[in-house]
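Below, chains carry the letters A, B, ... as their sequence lines are ordered, and counting in each starts from 1. Keep in mind that the numbers below use all heavy atoms, side chains included, and drop hydrogens, waters and symmetry copies.
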Number of protein chains: 4
Amino acid sequence: MGRVSAKTKQATRERLLDAAALEFARRGLERANVDAISLAAGHAKGTIYNYFSSKEELFLAVVEEACGRATASPPARPEAPARERLRATLAAFCVWAGANEGFARVLVRECLVGTPEVQRRMAQAEEPLLAEIQMILEEGLRRGEIRDDVQPELLALAIAGLTDLALAQHWASDGRNPALDEIPELVLRLLIGARLPAESR
Amino acid sequence: MGRVSAKTKQATRERLLDAAALEFARRGLERANVDAISLAAGHAKGTIYNYFSSKEELFLAVVEEACGRATASPPARPEAPARERLRATLAAFCVWAGANEGFARVLVRECLVGTPEVQRRMAQAEEPLLAEIQMILEEGLRRGEIRDDVQPELLALAIAGLTDLALAQHWASDGRNPALDEIPELVLRLLIGARLPAESR
Amino acid sequence: MGRVSAKTKQATRERLLDAAALEFARRGLERANVDAISLAAGHAKGTIYNYFSSKEELFLAVVEEACGRATASPPARPEAPARERLRATLAAFCVWAGANEGFARVLVRECLVGTPEVQRRMAQAEEPLLAEIQMILEEGLRRGEIRDDVQPELLALAIAGLTDLALAQHWASDGRNPALDEIPELVLRLLIGARLPAESR
Amino acid sequence: MGRVSAKTKQATRERLLDAAALEFARRGLERANVDAISLAAGHAKGTIYNYFSSKEELFLAVVEEACGRATASPPARPEAPARERLRATLAAFCVWAGANEGFARVLVRECLVGTPEVQRRMAQAEEPLLAEIQMILEEGLRRGEIRDDVQPELLALAIAGLTDLALAQHWASDGRNPALDEIPELVLRLLIGARLPAESR
DNA sequence: GATGAATGAGGATTCATTCAT
DNA sequence: TATGAATGAATCCTCATTCAT
C-alpha cells in the first residue's frame, strides 16, 4: 500500500473524518470509540494513528474541518448591507448545524467543558466564523449601518453565542421553536435591531 | 458506625453533593472521577454508593439540587425603572452563581448542552428566574421603558441565555473576562441598550 | 475488602513482588506482562495498580526489594578483618544471585540499556550494597589492611562489577566455572590480593 | 528499482547494519524501533525486510557483524615491558570501541547479559583480544614483570571484563566518567598495580 | 453505616510486519 | 527493488462498582 497517490490518502483521511464526526456527534468525545471510527470508515483499528496522533487530535481535526465547512461558502455580495451579509453568514452556519446536529452539539459541549487545551484549540477552530462576523460588523460600522455602542468584537461574540443558544433551543424543542431558518433573523433582531425598510427588497 | 441520626446522614449527603457539583462543573459528567468526589467530600470511595446508586444518579441529584437552590430571592423595589430592576435580578443570580460555582456551572452547562431529559429539568429550574425577568419586562413595556420590537418572553429568554453564556466565559477565563459583576450591565447593554442618562445616579 | 489489616496488605504486596520478580526474571522488563503478574499472584488484572503506579515502578520496587534482601543479613563480625567481612558480604550477594539468576541478569541488562530514569533508580537501589563494600574498605584502609593505591569508591565499584562478571561466567558455563562459592575469593584475590597467613584459620 | 548492483545492495545492507547497531546499543533489542533504524539509515521502513526477515534476525546480524569487526590489530612492540604492551592493546580496543560505538556497545552488552547462545558467540568474538592479553601476560610473567598469584588466563579474563565494564560506564555517563583514554590505565592499576617508576616516560 | 481493597471490563495506543504500487 | 500505507495483535492502564470487614 505504499506509494499511494496524495489523492488516495486524502480520500482515506476524509473517510476517517466523516466517520469520526458521526461517532463524536452520537457519543461525545469521551464515549466515542476510536476502533469503532476506524471500522466505520472501512479501515483497521490502527489506521487512525497513521493520520492523527491521538483521539483528541482527531477530534480537533474534525472540529476544524467542520468549522471550515461551516464558513466555507462565503455568502458573497460584499457590497450588500452589513445586516444582510450577517444574515447570510448565520444562515449558512445554521444550515450546516442543521445537517450536523449531533456534531454541533458536541462542539458546543467541548467549548464549555473540554480540557483547557481542547477549549483553546476549539476557540481557534471557531475563529474563522467569528472573524467573518466581526469583519462584516466593522465594515457596517464604518458605513454607519451598525450600532456603535458596543465593540464589534463583543457584538460578534454575542451574535455567535446567541445563535448557538437558539440552535440548542431548536434542538430541544424538536425543531419547532424556533425553526432553523428563523434563527438568523431572530438573533439579528435581538442584537442589531429590526430590518430597515430600505434594506428589504 | 451503627445508628446515625438522620441529621448526620443529611449532612453527609450534602457534603457529597457539594463536592460532586464542583467536580462535575470542572470536568463534566464523563471526566468526573468518583474517587475524587468522595475524597473532596472527606469520605471514602464507597460512601458515595450508600447514597447514590451510580455516578449518573449522583449527577442527576446534583442537577436537582442546583435547580432547587437557583431560585432567586426577588430583589424588591418594584417601583424602580425596569432596567434597574433587571440589573438587580441578574446581579442577584450572578452573586448566587459566584457563591455556588459548582452547582451554577452544572446548571448552566446542562442548560446549554444537556441531554433532552436533563435539559427539560433545567428549564424548569430556571423558570422562576425567567418568569421574574419576563414580568419586569412586561411592566417596563407598559411604561414605555423597554424596546417593543421583541416579545417580552423572547427577550427574557435571550437575557437569561446571554447571562449563562457570559458566566460560562467567566469561568472559562478563570474569572477575568468578564468579571462577575460586569455581566449584568454587559447583557443589558447588548439586549436592552445603553443606560439612559436619567437612570444613572 | 476495605479495612484490611496492614499485615494483609503487606502479604498481598509481597505476593505481587514475588510474582513480578519471577516474571521479570523470565521475560525481562519489556516482555513481562502486568496482567500475568497479577494473575500469577492470585489477583485480578488491576490489583497491581493499587500497589504500584506503573509497570516500571513495580520493576524498580522489585529491584529495591531484591537489593534489600541481598544486603539484609549484615554478615556480622564488625571487628573481623576487612577482607573477611568483604568475603561474607559478597558471599551473601552470590547466594542471593544464585537463587534469582534470571532476575539478576535482567537487573544488569536494565542497568546497561534501561531508560535513563530507570538507570538512575537502579543505581540508587544498588547503592546499599555498594555502600557496604565501600564502608568495609574504608575501615580496612584505616587499619592498614587494604591497598591504598586506589580510592575506596573506585575499588568498591570494581569489586561489585567483577562479581557481576563472575556471576555471568558462572551462568554461561552452566554453573561450573567458576562455582558460585568460589566467586568471592576469586574477586578478592584479583582486586585485594591473597589472603594473609594471619587471616587463615 | 529494477537491477541493482551487488555493490549497491552491499552498501545498503551496511547502512542498515550501522544504523541498527546504534539503535540497539542505545535502546536494547526490545526498545529498539525498526522504523527509527530505517530512517536513520536513510531508507523506508519496508526496506529492512528486504534484507532481514525480522527485527530479531537484524539484531543477530548486527551481533555477527560486531564480532567480525572486533578483531584488534595487534599493536606491535613485542620487546616493550608487559604493562606497556597491555596498555597499548587495551587502548587500541578502546579506540575501536569509540569509533564503532554502536557495534561496540552491542558487543559489550551482549557479553555481559546476552542469552547464553549469543554470549558464546560474543566470547568467540573477543577471543583474539583475550588471547593477545594472555600472551603478553605469560611473557611478562616469565620476565617477572607480572603478578604470579593469579593464572594468566584468569587475569586476562578479568582485564577484558573490567575493560568492558568501564566502557559500559563510559557510555552510560555520556562519555565523561571515565573518559575513553583513561580506561586502560584504570583497569591496569586495579588488576596489575601501579606503573613502576622505571616504566614511566 | 463507613471503609477501601479488589475487581475486570473497556479502550487508547504502539509497532512489527505485510504487500500493493 | 524500494516504498510506506495498512494492518491488528498485544498490552498498559483507568476507574466505576462491589463487598468483606
Side-chain angles (χ1 to χ4, degrees), chain A residues 1-5 8-9 12-13 30-39 42-56 58, chain B residues 1-5 8-9 12 30-39 42-56 58, chain C residues 1-5 8-9 12-13 30-39 42-58, chain D residues 1-5 8-9 12 30-39 42-58:
Chain A
M1 296 90 186
R3 286 272 174 77
V4 174
S5 70
T8 304
K9 280 194 69 174
T12 299
R13 195 186 135 92
E30 300 293 337
R31 283 206 206 279
N33 183 303
V34 174
D35 290 2
I37 293 175
S38 274
L39 260 43
H43 286 275
K45 295 161 75 170
T47 299
I48 291 256
Y49 292 91
N50 294 332
Y51 290 84
F52 308 96
S53 62
S54 71
K55 181 181 174 178
E56 202 170 275
L58 170 60
Chain B
M1 259 103 183
R3 228 45 43 84
V4 167
S5 72
T8 303
K9 283 190 62 176
T12 298
E30 302 295 337
R31 280 187 265 263
N33 183 303
V34 172
D35 208 358
I37 293 173
S38 321
L39 256 50
H43 285 274
K45 199 178 355 196
T47 301
I48 289 212
Y49 291 90
N50 295 328
Y51 290 83
F52 309 96
S53 64
S54 73
K55 182 180 173 179
E56 234 166 77
L58 171 59
Chain C
M1 296 93 183
R3 285 271 175 78
V4 175
S5 71
T8 305
K9 279 193 70 175
T12 299
R13 195 186 134 91
E30 301 292 337
R31 285 206 205 279
N33 184 304
V34 175
D35 291 1
I37 293 174
S38 273
L39 261 42
H43 286 274
K45 295 161 71 166
T47 299
I48 290 260
Y49 292 92
N50 294 332
Y51 290 83
F52 308 96
S53 62
S54 71
K55 179 182 175 176
E56 203 169 274
E57 213 57 36
L58 170 60
Chain D
M1 258 96 183
R3 230 41 48 82
V4 167
S5 72
T8 304
K9 283 189 62 175
T12 299
E30 302 297 334
R31 279 188 266 263
N33 184 303
V34 173
D35 208 358
I37 293 173
S38 321
L39 257 50
H43 284 274
K45 203 184 342 204
T47 300
I48 289 211
Y49 291 90
N50 295 328
Y51 289 83
F52 309 96
S53 64
S54 74
K55 183 181 173 178
E56 237 167 76
E57 278 309 310
L58 172 59

Give, ordered by number, those residues of residues 30-38 of chain C having at least one heavy-atom distance below 4.0 Å to an atom of DNA chain E; if nothing qualifies, reply none. none
[X] has an atom [atom1]; how far is it from atom [atom2] of [N], in whole Å?
X: C/Glu57; N: F/dC13; atom1: CD; atom2: C1'; result: 14 Å
X: C/Phe52; N: E/dA5; atom1: CZ; atom2: P; result: 14 Å
X: D/Tyr51; N: E/dA16; atom1: OH; atom2: P; result: 20 Å
X: B/Ile48; N: F/dC15; atom1: CD1; atom2: P; result: 14 Å
X: B/Lys45; N: F/dA20; atom1: NZ; atom2: P; result: 17 Å
X: C/Arg13; N: E/dA6; atom1: CZ; atom2: P; result: 13 Å

Find which nucleotide of DNA chain E each of D/Tyr49 and C/Ala44 is nearest to by heavy atoms, and output the residue with the more 5' nucleotide. C/Ala44
Nearest 0.5 Å, what's the CZ-CZ distance between A/Phe52 and A/Arg13? 4.0 Å
Rounding to 0.5 Å, atoms CD1 (A/Ile48) and OG (A/Ser54) come to a distance of 10.5 Å
Could you tell me whether a side-chain N or O of C/Lys55 sits under 3.5 Å from a main-chain N or O of C/Glu30, the two making a donor and an acceptor? yes
Tell me if a side-chain donor or acceptor on A/Ser38 pairs with a main-chain N or O of A/Ala44 at a distance below 3.5 Å. yes
Could you check whether [X] gets within reach of a base, just the sugar-phosphate, or nothing at all, counting any heavy atom under 4.0 Å?
X: A/Thr8; result: nothing
X: D/Ser54; result: sugar-phosphate
X: A/Lys55; result: sugar-phosphate

Can you tell me the base-pairing partner of F/dC12? Count Watson-Crick or G-U wobble geometry only, both distances below 3.5 Å, and say none if there is no partner. E/dG11
Quick one: look up who E/dT3 pairs with, Watson-Crick or G-U, both distances under 3.5 Å, and put none if it's unpaired. F/dA20
Taking all non-hydrogen atoms of both residues, which atom of D/Val34 and which atom of D/Lys45 are closest, and how far apart? CG1-CG, 4.5 Å
Taking only the side-chain heavy atoms of B/Asn50 (C-beta and beyond), determine which of E/dG1, F/dA5, F/dA2 contains the nearest atom. E/dG1
Quick one: which of E/dA6, F/dT7, E/dG10 gets closest to the side chain of A/Thr47? F/dT7
Between C/His43 and E/dT7, does any side-chain N or O lie under 4.0 Å from OP1 or OP2? yes
Step by step, would you call B/Leu58 with B/Ile37 a side chain to side chain contact (heavy atoms under 4.5 Å, CB included)? CA-CA 11 Å; B/Leu58 171 59; B/Ile37 293 173; 4.1 Å; yes
Toward the 5' end of DNA chain F, by each residue's nearest nucleotide, D/Thr12 or C/Glu56: D/Thr12
What do you reckon, is CZ of C/Arg31 surrounded by more than 12 foreign heavy atoms closer than 6.0 Å? no
